[in-house]
Peer 1: 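Structure below; questions to follow.
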Amino acid sequence: MAHTRATFVLAVALAVLGLATAQLQNGFYMGKCGANDVEAIVQGVVKARFSREPAVVAHLLRLQFHECGVNGCDGGLLIDGPGTEKTAPPNLSVKGYDLIADVKTELEKRCPGVVSCSDIEILATRDAVRLAGGNAYAVRTGRRDRRQSKAADVNLPGPESTVAQATAFFGKLGLGQMDMVLLLGAHTVGVTHCSAIKSSRLYSYGGKAGATDPSLDPYYAFVYKSYVCPNKPSSDGNIVFLDDQWSALKVDKSFYKMLQKRRGVLSVDQNLYGHGAPTRWMVDMLANSDNFSWLFPKALVKLSEVNVLTGTQGEVRRVCNKFN
(Lines give C-alpha, C1' and ligand atoms only; values in the text may rest on other atoms or scores of the structure.)
Protein backbone atom coordinates (compact mmCIF):
# COMPACT_ATOMS: atom_id res chain seq x y z
CA MET A 1 0.00 0.00 0.00
CA ALA A 2 2.79 2.39 0.95
CA HIS A 3 4.62 1.48 -2.25
CA THR A 4 1.48 2.17 -4.30
CA ARG A 5 0.99 5.56 -2.62
CA ALA A 6 4.61 6.52 -3.25
CA THR A 7 4.31 5.51 -6.89
CA PHE A 8 1.14 7.59 -7.24
CA VAL A 9 2.80 10.65 -5.69
CA LEU A 10 5.76 10.30 -8.02
CA ALA A 11 3.46 10.00 -11.01
CA VAL A 12 1.58 13.14 -10.00
CA ALA A 13 4.83 15.04 -9.51
CA LEU A 14 6.08 14.02 -12.93
CA ALA A 15 2.75 14.95 -14.46
CA VAL A 16 2.91 18.42 -12.92
CA LEU A 17 6.43 18.94 -14.24
CA GLY A 18 5.29 17.82 -17.68
CA LEU A 19 2.24 20.09 -17.53
CA ALA A 20 4.35 23.17 -16.80
CA THR A 21 6.51 22.48 -19.85
CA ALA A 22 3.48 21.65 -21.97
CA GLN A 23 1.95 25.04 -21.23
CA LEU A 24 4.86 26.81 -22.87
CA GLN A 25 4.01 27.75 -26.43
CA ASN A 26 5.61 29.07 -29.56
CA GLY A 27 4.30 32.59 -30.04
CA PHE A 28 2.71 32.72 -26.59
CA TYR A 29 2.55 36.54 -26.67
CA MET A 30 0.93 36.89 -30.08
CA GLY A 31 -2.12 39.12 -29.63
CA LYS A 32 -1.34 39.76 -25.96
CA CYS A 33 0.50 43.08 -26.45
CA GLY A 34 -1.90 44.92 -28.69
CA ALA A 35 -0.48 45.25 -32.18
CA ASN A 36 3.06 44.92 -30.86
CA ASP A 37 5.36 42.01 -31.66
CA VAL A 38 6.94 41.13 -28.32
CA GLU A 39 9.76 39.06 -29.76
CA ALA A 40 10.63 41.78 -32.29
CA ILE A 41 10.86 44.34 -29.47
CA VAL A 42 13.23 42.10 -27.53
CA GLN A 43 15.30 41.51 -30.65
CA GLY A 44 15.54 45.23 -31.34
CA VAL A 45 16.92 46.05 -27.89
CA VAL A 46 19.40 43.15 -28.03
CA LYS A 47 20.55 44.08 -31.52
CA ALA A 48 21.22 47.67 -30.47
CA ARG A 49 23.28 46.53 -27.50
CA PHE A 50 25.15 43.90 -29.50
CA SER A 51 26.17 46.48 -32.09
CA ARG A 52 28.15 48.40 -29.48
CA GLU A 53 28.98 45.53 -27.08
CA PRO A 54 29.35 42.15 -28.83
CA ALA A 55 30.46 40.54 -25.56
CA VAL A 56 26.84 40.75 -24.39
CA VAL A 57 26.30 37.30 -25.92
CA ALA A 58 28.66 35.81 -23.32
CA HIS A 59 26.90 37.75 -20.56
CA LEU A 60 23.48 36.46 -21.57
CA LEU A 61 24.55 32.85 -22.06
CA ARG A 62 26.06 32.85 -18.58
CA LEU A 63 23.00 34.58 -17.20
CA GLN A 64 20.72 31.89 -18.64
CA PHE A 65 22.86 29.08 -17.23
CA HIS A 66 23.12 30.61 -13.76
CA GLU A 67 19.39 31.33 -13.85
CA CYS A 68 18.09 28.00 -15.06
CA GLY A 69 20.62 25.98 -13.08
CA VAL A 70 19.10 27.13 -9.77
CA ASN A 71 15.40 26.27 -9.22
CA GLY A 72 14.76 26.51 -12.95
CA CYS A 73 14.23 29.38 -15.40
CA ASP A 74 12.17 31.54 -13.07
CA GLY A 75 13.78 34.98 -12.89
CA GLY A 76 15.10 34.37 -9.38
CA LEU A 77 18.60 35.50 -10.31
CA LEU A 78 17.35 38.97 -11.25
CA ILE A 79 16.11 39.91 -7.76
CA ASP A 80 18.09 42.51 -5.79
CA GLY A 81 18.54 42.44 -2.04
CA PRO A 82 20.45 40.71 0.73
CA GLY A 83 20.47 36.93 0.65
CA THR A 84 19.17 36.64 -2.93
CA GLU A 85 20.63 34.42 -5.66
CA LYS A 86 22.42 37.43 -7.09
CA THR A 87 24.53 37.72 -3.93
CA ALA A 88 25.84 34.13 -3.98
CA PRO A 89 29.59 33.93 -4.78
CA PRO A 90 29.18 32.19 -8.18
CA ASN A 91 26.85 34.99 -9.30
CA LEU A 92 28.85 38.02 -8.22
CA SER A 93 30.45 38.33 -11.66
CA VAL A 94 27.29 37.65 -13.69
CA LYS A 95 26.43 40.46 -16.11
CA GLY A 96 23.54 41.35 -18.39
CA TYR A 97 21.01 42.47 -15.80
CA ASP A 98 20.84 45.96 -17.27
CA LEU A 99 19.93 44.63 -20.70
CA ILE A 100 17.07 42.56 -19.26
CA ALA A 101 15.87 45.70 -17.45
CA ASP A 102 16.05 47.74 -20.68
CA VAL A 103 13.94 45.17 -22.53
CA LYS A 104 11.42 45.08 -19.69
CA THR A 105 11.11 48.87 -19.75
CA GLU A 106 10.33 48.87 -23.46
CA LEU A 107 7.73 46.13 -23.08
CA GLU A 108 6.07 47.75 -20.06
CA LYS A 109 5.53 50.90 -22.14
CA ARG A 110 3.48 48.89 -24.62
CA CYS A 111 1.76 46.22 -22.55
CA PRO A 112 2.25 46.50 -18.78
CA GLY A 113 2.33 43.32 -16.75
CA VAL A 114 2.23 40.95 -19.71
CA VAL A 115 5.75 39.68 -20.48
CA SER A 116 7.63 37.87 -17.73
CA CYS A 117 11.24 38.59 -16.86
CA SER A 118 12.09 34.91 -17.17
CA ASP A 119 10.85 34.88 -20.77
CA ILE A 120 12.86 38.01 -21.53
CA GLU A 121 16.03 36.25 -20.36
CA ILE A 122 15.44 33.34 -22.72
CA LEU A 123 14.44 35.46 -25.71
CA ALA A 124 17.34 37.87 -25.27
CA THR A 125 19.86 35.03 -25.10
CA ARG A 126 18.40 33.45 -28.24
CA ASP A 127 18.73 36.73 -30.15
CA ALA A 128 22.30 37.35 -28.97
CA VAL A 129 23.38 33.85 -30.03
CA ARG A 130 22.04 34.48 -33.53
CA LEU A 131 23.78 37.86 -33.77
CA ALA A 132 27.07 36.22 -32.72
CA GLY A 133 26.95 33.76 -35.61
CA GLY A 134 24.91 30.96 -34.08
CA ASN A 135 21.94 29.35 -35.79
CA ALA A 136 18.51 30.93 -35.45
CA TYR A 137 16.15 28.90 -33.28
CA ALA A 138 12.65 29.12 -31.85
CA VAL A 139 11.92 29.16 -28.13
CA ARG A 140 8.63 28.54 -26.40
CA THR A 141 7.36 31.22 -24.04
CA GLY A 142 4.79 31.59 -21.31
CA ARG A 143 7.07 31.38 -18.26
CA ARG A 144 6.12 33.09 -15.03
CA ASP A 145 8.42 34.66 -12.45
CA ARG A 146 8.97 32.94 -9.11
CA ARG A 147 8.43 34.83 -5.86
CA GLN A 148 11.57 33.39 -4.33
CA SER A 149 15.29 34.02 -4.59
CA LYS A 150 17.72 32.56 -2.05
CA ALA A 151 21.51 32.62 -2.15
CA ALA A 152 21.51 29.35 -0.21
CA ASP A 153 19.93 27.59 -3.20
CA VAL A 154 22.88 28.39 -5.49
CA ASN A 155 25.06 25.33 -6.01
CA LEU A 156 26.59 25.50 -9.48
CA PRO A 157 29.52 23.50 -10.86
CA GLY A 158 32.84 25.31 -10.46
CA PRO A 159 35.79 25.84 -12.82
CA GLU A 160 37.57 22.78 -11.39
CA SER A 161 34.64 20.35 -11.50
CA THR A 162 35.33 16.84 -12.75
CA VAL A 163 33.29 15.26 -15.52
CA ALA A 164 31.50 13.14 -12.92
CA GLN A 165 30.63 16.17 -10.79
CA ALA A 166 29.40 18.20 -13.76
CA THR A 167 27.42 15.23 -15.07
CA ALA A 168 25.69 14.83 -11.71
CA PHE A 169 24.73 18.52 -11.68
CA PHE A 170 23.27 18.48 -15.17
CA GLY A 171 21.53 15.21 -14.42
CA LYS A 172 19.59 16.90 -11.62
CA LEU A 173 18.30 19.35 -14.23
CA GLY A 174 17.14 16.48 -16.41
CA LEU A 175 19.96 17.01 -18.89
CA GLY A 176 22.37 14.37 -20.19
CA GLN A 177 26.11 14.35 -20.83
CA MET A 178 25.71 15.49 -24.43
CA ASP A 179 23.62 18.43 -23.24
CA MET A 180 26.39 19.22 -20.75
CA VAL A 181 29.13 19.14 -23.38
CA LEU A 182 27.06 21.34 -25.68
CA LEU A 183 26.18 23.87 -22.99
CA LEU A 184 29.80 24.14 -21.86
CA GLY A 185 30.39 25.04 -25.50
CA ALA A 186 28.96 28.45 -24.57
CA HIS A 187 32.53 29.08 -23.42
CA THR A 188 33.30 29.65 -27.10
CA VAL A 189 32.45 33.30 -26.32
CA GLY A 190 33.47 33.27 -22.67
CA VAL A 191 36.26 34.82 -20.66
CA THR A 192 37.63 34.30 -17.19
CA HIS A 193 40.32 35.95 -15.08
CA CYS A 194 43.77 34.80 -14.09
CA SER A 195 42.62 34.37 -10.51
CA ALA A 196 40.51 31.40 -11.66
CA ILE A 197 43.44 29.41 -13.03
CA LYS A 198 46.63 30.55 -11.29
CA SER A 199 46.39 28.12 -8.38
CA SER A 200 44.56 25.22 -9.99
CA ARG A 201 46.42 25.09 -13.31
CA LEU A 202 49.53 27.24 -13.40
CA TYR A 203 51.35 27.48 -10.09
CA SER A 204 50.11 24.92 -7.58
CA TYR A 205 48.44 22.09 -9.45
CA GLY A 206 47.33 19.36 -7.09
CA GLY A 207 48.36 21.52 -4.15
CA LYS A 208 52.06 21.25 -5.05
CA ALA A 209 53.91 24.57 -5.08
CA GLY A 210 55.22 25.48 -8.54
CA ALA A 211 53.38 22.61 -10.28
CA THR A 212 51.57 23.20 -13.58
CA ASP A 213 48.64 21.08 -14.74
CA PRO A 214 50.15 18.51 -17.17
CA SER A 215 46.90 18.43 -19.17
CA LEU A 216 47.54 22.04 -20.28
CA ASP A 217 49.48 22.49 -23.53
CA PRO A 218 53.05 23.40 -22.45
CA TYR A 219 53.32 26.31 -24.87
CA TYR A 220 50.06 27.83 -23.62
CA ALA A 221 51.19 27.32 -20.05
CA PHE A 222 54.39 29.21 -20.89
CA VAL A 223 52.45 32.09 -22.48
CA TYR A 224 50.05 32.37 -19.55
CA LYS A 225 52.82 32.27 -16.96
CA SER A 226 55.11 34.66 -18.81
CA TYR A 227 52.70 37.25 -20.15
CA VAL A 228 49.01 36.88 -19.24
CA CYS A 229 49.00 35.55 -15.68
CA PRO A 230 52.43 36.07 -14.09
CA ASN A 231 52.63 34.84 -10.53
CA LYS A 232 51.90 38.11 -8.77
CA PRO A 233 48.68 39.53 -7.29
CA SER A 234 48.46 42.34 -9.84
CA SER A 235 47.65 39.82 -12.60
CA ASP A 236 44.61 38.33 -10.84
CA GLY A 237 42.14 40.50 -12.76
CA ASN A 238 43.69 39.99 -16.20
CA ILE A 239 41.27 38.58 -18.78
CA VAL A 240 41.79 35.11 -20.25
CA PHE A 241 39.74 34.05 -23.28
CA LEU A 242 38.16 30.60 -22.99
CA ASP A 243 38.45 30.09 -26.74
CA ASP A 244 40.97 31.20 -29.33
CA GLN A 245 40.96 34.98 -28.96
CA TRP A 246 40.38 35.45 -32.69
CA SER A 247 37.13 33.51 -32.37
CA ALA A 248 36.17 34.76 -28.92
CA LEU A 249 33.14 36.77 -30.04
CA LYS A 250 31.73 34.14 -32.37
CA VAL A 251 29.48 31.22 -31.47
CA ASP A 252 31.24 28.35 -33.23
CA LYS A 253 32.95 24.99 -32.72
CA SER A 254 36.43 26.46 -32.17
CA PHE A 255 36.16 25.84 -28.43
CA TYR A 256 36.19 22.07 -28.99
CA LYS A 257 39.23 22.28 -31.24
CA MET A 258 41.00 24.06 -28.40
CA LEU A 259 40.20 21.14 -26.11
CA GLN A 260 41.66 18.71 -28.64
CA LYS A 261 44.88 20.73 -28.53
CA ARG A 262 44.88 20.68 -24.69
CA ARG A 263 44.25 24.41 -24.65
CA GLY A 264 41.10 24.46 -22.57
CA VAL A 265 41.51 27.20 -19.95
CA LEU A 266 39.25 25.90 -17.19
CA SER A 267 39.71 22.41 -15.78
CA VAL A 268 35.98 21.73 -16.11
CA ASP A 269 36.37 22.27 -19.87
CA GLN A 270 39.61 20.40 -20.47
CA ASN A 271 38.38 17.49 -18.37
CA LEU A 272 35.84 16.80 -21.11
CA TYR A 273 38.73 15.66 -23.28
CA GLY A 274 40.72 13.83 -20.62
CA HIS A 275 42.06 10.34 -21.36
CA GLY A 276 39.30 7.87 -20.64
CA ALA A 277 36.67 10.59 -20.23
CA PRO A 278 33.24 9.40 -21.40
CA THR A 279 32.80 12.77 -23.10
CA ARG A 280 35.99 12.64 -25.19
CA TRP A 281 34.24 11.26 -28.26
CA MET A 282 31.62 14.01 -28.02
CA VAL A 283 34.31 16.68 -28.14
CA ASP A 284 35.83 14.99 -31.21
CA MET A 285 32.46 14.79 -32.91
CA LEU A 286 31.68 18.47 -32.30
CA ALA A 287 35.18 19.65 -33.25
CA ASN A 288 35.36 17.61 -36.45
CA SER A 289 31.88 18.27 -37.85
CA ASP A 290 29.32 21.05 -38.19
CA ASN A 291 26.96 19.47 -35.64
CA PHE A 292 27.54 22.10 -32.95
CA SER A 293 25.74 24.73 -35.01
CA TRP A 294 22.40 22.94 -34.80
CA LEU A 295 22.84 20.92 -31.59
CA PHE A 296 23.81 23.90 -29.41
CA PRO A 297 20.42 25.64 -29.87
CA LYS A 298 18.63 22.41 -28.98
CA ALA A 299 20.58 22.18 -25.72
CA LEU A 300 19.81 25.83 -24.94
CA VAL A 301 16.11 25.17 -25.50
CA LYS A 302 16.19 22.18 -23.16
CA LEU A 303 17.94 24.27 -20.52
CA SER A 304 15.39 27.07 -20.99
CA GLU A 305 12.52 24.75 -20.08
CA VAL A 306 13.94 23.42 -16.81
CA ASN A 307 11.46 23.68 -13.93
CA VAL A 308 9.47 26.60 -15.36
CA LEU A 309 6.36 28.17 -13.84
CA THR A 310 3.36 28.66 -16.13
CA GLY A 311 -0.35 29.43 -16.04
CA THR A 312 -1.26 31.06 -12.73
CA GLN A 313 1.93 30.01 -10.94
CA GLY A 314 4.21 32.77 -9.71
CA GLU A 315 3.72 36.24 -11.16
CA VAL A 316 4.65 38.55 -14.01
CA ARG A 317 6.88 41.15 -12.41
CA ARG A 318 6.44 44.81 -13.22
CA VAL A 319 10.14 45.39 -12.54
CA CYS A 320 12.59 42.51 -12.97
CA ASN A 321 14.77 43.14 -9.94
CA LYS A 322 12.01 43.04 -7.33
CA PHE A 323 8.86 41.11 -6.56
CA ASN A 324 5.48 42.75 -7.17
Side-chain angles (χ1 to χ4, degrees), residues 20-21 23-30 32-34 36-50 56-57 59-88 90-92 94-129 138-151 153-154 156 300-301 303-324:
T21 302
Q23 289 177 342
L24 295 177
Q25 303 173 25
N26 287 312
F28 176 83
Y29 292 109
M30 289 182 63
K32 292 183 172 67
C33 192
N36 299 289
D37 184 334
V38 166
E39 296 194 21
I41 292 169
V42 177
Q43 186 180 64
V45 176
V46 174
K47 187 175 182 180
R49 173 65 68 87
F50 184 86
V56 74
V57 63
H59 302 162
L60 291 172
L61 281 166
R62 188 164 184 243
L63 182 72
Q64 178 173 325
F65 175 66
H66 283 234
E67 175 68 83
C68 298
V70 179
N71 296 328
C73 309
D74 60 2
L77 179 56
L78 305 177
I79 294 295
D80 287 339
T84 61
E85 291 179 30
K86 190 180 287 188
T87 67
N91 292 333
L92 294 178
V94 171
K95 301 178 180 179
Y97 300 118
D98 58 330
L99 175 57
I100 303 303
D102 288 347
V103 174
K104 182 63 170 172
T105 297
E106 288 302 310
L107 290 169
E108 288 295 297
K109 291 176 183 176
R110 295 164 173 80
C111 46
V114 172
V115 184
S116 70
C117 298
S118 45
D119 270 341
I120 292 172
E121 290 176 287
I122 303 307
L123 290 168
T125 301
R126 183 269 305 271
D127 295 335
V129 167
V139 295
R140 299 196 294 175
T141 45
R143 293 167 191 78
R144 305 266 292 182
D145 303 319
R146 196 182 303 274
R147 290 189 53 82
Q148 175 180 302
S149 179
K150 298 179 180 179
D153 292 341
V154 178
L156 296 163
L300 286 174
V301 169
L303 176 65
S304 79
E305 298 191 355
V306 169
N307 198 21
V308 298
L309 303 182
T310 59
T312 59
Q313 298 172 316
E315 65 183 13
V316 174
R317 291 186 205 137
R318 291 185 286 273
V319 180
C320 289
N321 63 351
K322 60 183 178 182
F323 304 124
N324 290 344

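These numbers come from the heavy atoms of this one structure, side chains and all, not from hydrogens, waters or symmetry mates. FYI, the numbering just counts along the sequence from 1.
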Peer 1: Got Cys111 and Lys32 here, is their nearest side-chain heavy-atom distance under 4.5 Å?
Peer 2: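 No, too far: nothing below the 4.5 Å cut-off.
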
Peer 1: So do the side chains of Asn91 and Leu156 get within less than 4.5 Å of each other, counting heavy atoms only?
Peer 2: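 They are in contact (side-chain heavy atoms under 4.5 Å apart), so the answer is yes.
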
Peer 1: Going by side chain to side chain contact (heavy atoms under 4.5 Å, CB included), name the residues that satisfy it together with Lys95, two or more places apart in sequence or in a different chain.
Peer 2: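 Here the qualifying residues are His59.
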
Peer 1: Tell me, do Leu60 and Asp127 make a side-chain contact under 4.5 Å, heavy atoms counted?
Peer 2: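 No; the side chains remain at least 4.5 Å from each other.
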
Peer 1: As a test of understanding, state which of Leu77, Val56, Leu99 forms a side chain to side chain contact (heavy atoms under 4.5 Å, CB included) with Leu63.
Peer 2: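 When Leu77, Val56, Leu99 are each tested with Leu63, the side chain to side chain contact (heavy atoms under 4.5 Å, CB included) holds only for Leu77.
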
Peer 1: So, the side chain of Asn321 versus the backbone of Asp80: is there a donor-acceptor pair under 3.5 Å, distance only?
Peer 2: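 No, the answer is negative, given that no donor and acceptor are paired below the 3.5 Å cut-off.
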
Peer 1: Under a 4.5 Å cut-off applied to non-hydrogen side-chain atoms, are Leu303 and Gln64 in contact?
Peer 2: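 Heavy-atom side-chain distance check passes, below 4.5 Å.
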
Peer 1: Would you say Asp37's side chain and Glu39's backbone share a donor-acceptor pair under 3.5 angstrom?
Peer 2: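 Yes, Asp37 side chain to Glu39 backbone: donor-acceptor pair under 3.5 Å.
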
Peer 1: If only atom types and distance count, is the side chain of Thr310 paired as donor or acceptor with the main-chain N or O of Gln23 below 3.5 Å?
Peer 2: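 Judged by distance alone, no pair lies under 3.5 Å.
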
Peer 1: Which residues satisfy the side chain to side chain contact (heavy atoms under 4.5 Å, CB included) test with Asn26, sequence neighbours excluded?
Peer 2: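 For Asn26, the residues satisfying side chain to side chain contact (heavy atoms under 4.5 Å, CB included) (neighbours in sequence not counted) are Ala138, Arg140.
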
Peer 1: Check whether any side-chain N or O of Ser149 sits under 3.5 Å from a backbone N or O of Glu85 as a donor-acceptor pair, and report yes or no.
Peer 2: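 Yes, the answer is positive, given that a donor and an acceptor are paired below the 3.5 Å cut-off.
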
Peer 1: Output yes when a side-chain donor or acceptor of Thr87 lies under 3.5 Å from a complementary backbone atom of Pro82, and no otherwise.
Peer 2: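 No, Thr87 side chain to Pro82 backbone: no donor-acceptor pair under 3.5 Å.
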
Peer 1: For the pair Arg318 (side chain) and Asn324 (backbone), establish whether a donor and an acceptor sit closer than 3.5 Å, ignoring hydrogens and angles.
Peer 2: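 The answer is no, because no donor-acceptor pair under 3.5 Å joins these two groups.
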
Peer 1: Give the minimum heavy-atom separation between Arg144 and Gln313, together with the two atoms involved.
Peer 2: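 Looking at all heavy atoms of both residues, the shortest contact is NE-O, 2.8 Å.
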
Peer 1: Quick one: closest heavy-atom pair of Leu78 and Glu121, and the distance?
Peer 2: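 Residues Leu78 and Glu121, closest heavy atoms: CD2-OE2, 3.6 Å.
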
Peer 1: For a side-chain contact (heavy atoms from CB on, under 4.5 Å) check, start with the C-alpha distance between Leu61 and Leu300, then their side-chain angles and the critical distance, and finish with the verdict.
Peer 2: CA-CA 9 Å; Leu61 281 166; Leu300 286 174; 3.8 Å; yes

Peer 1: My understanding is that only residues two or more places apart in sequence, or in another chain, count here; which of them pass side chain to side chain contact (heavy atoms under 4.5 Å, CB included) with Glu106?
Peer 2: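 Scan of Glu106 (side chain to side chain contact (heavy atoms under 4.5 Å, CB included), adjacent residues dropped) gives Ile41, Val45, Lys109, Arg110.
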
Peer 1: Would you please name every residue forming a side-chain hydrogen bond (donor to acceptor under 3.5 Å, both in side chains) with Ser304, sequence neighbours left out?
Peer 2: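 Only Arg143 meet the side-chain hydrogen bond (donor to acceptor under 3.5 Å, both in side chains) criterion with Ser304.
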
Peer 1: Let me confirm one number: the SG-CD distance from Cys320 to Glu108, rounded to the nearest 0.5 Å.
Peer 2: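 Going from SG on Cys320 over to CD on Glu108, the span is 8.0 Å.
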
Peer 1: Going by side chain to side chain contact (heavy atoms under 4.5 Å, CB included), name the residues that satisfy it together with Arg146, two or more places apart in sequence or in a different chain.
Peer 2: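 By the side chain to side chain contact (heavy atoms under 4.5 Å, CB included) rule, Arg146 matches Asn71, Asp74, Gln148, Asn307, Leu309.
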
Peer 1: Are Ile122 and Thr141 packed together at the side-chain level, in the sense that at least one heavy-atom pair is separated by less than 4.5 angstrom?
Peer 2: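 Not in contact.
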
Peer 1: How far apart are the closest heavy atoms of Ala124 and Ile100, and which atoms are they?
Peer 2: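 Where Ala124 meets Ile100 most closely, the heavy atoms are CB-CD1, 4.2 Å.
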
Peer 1: Considering only heavy atoms from C-beta outward, does the side chain of Val42 approach that of Leu107 to under 4.5 Å?
Peer 2: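 Counting from C-beta outward, Val42 and Leu107 do come under 4.5 Å.
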
Peer 1: Evaluate the criterion side-chain contact (heavy atoms from CB on, under 4.5 Å) for residue pair Asn36 and Tyr29; output intermediate values, then yes/no.
Peer 2: CA-CA 9 Å; Asn36 299 289; Tyr29 292 109; over 6 Å; no

Peer 1: Any side-chain heavy atom of Ile120 within less than 4.5 Å of one from Val115?
Peer 2: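 Of all side-chain heavy-atom pairs linking Val115 with Ile120, at least one is under 4.5 Å.
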
Peer 1: Write down the atom of Ser116, the atom of Asp119, and the distance for their closest heavy-atom approach.
Peer 2: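 Here Ser116 and Asp119 meet closest at OG-N, 3.1 Å.
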
Peer 1: Check whether any side-chain heavy atom of Arg49 sits under 4.5 Å from a side-chain heavy atom of Asp98, and report yes or no.
Peer 2: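 The answer is yes, as the side chains (C-beta and beyond) meet within the 4.5 Å cut-off.
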
Peer 1: Ignoring hydrogens, what is the shortest heavy-atom contact between Ala88 and Ala151? Give both atom names and the distance.
Peer 2: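 Between these two residues, the closest heavy atoms are CB-O, 4.0 Å.
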
Peer 1: Salt bridge (Lys or Arg N to Asp or Glu O under 4.0 Å) with Asp153: which residues, sequence neighbours excluded?
Peer 2: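 Applying salt bridge (Lys or Arg N to Asp or Glu O under 4.0 Å) to Asp153 gives none.
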
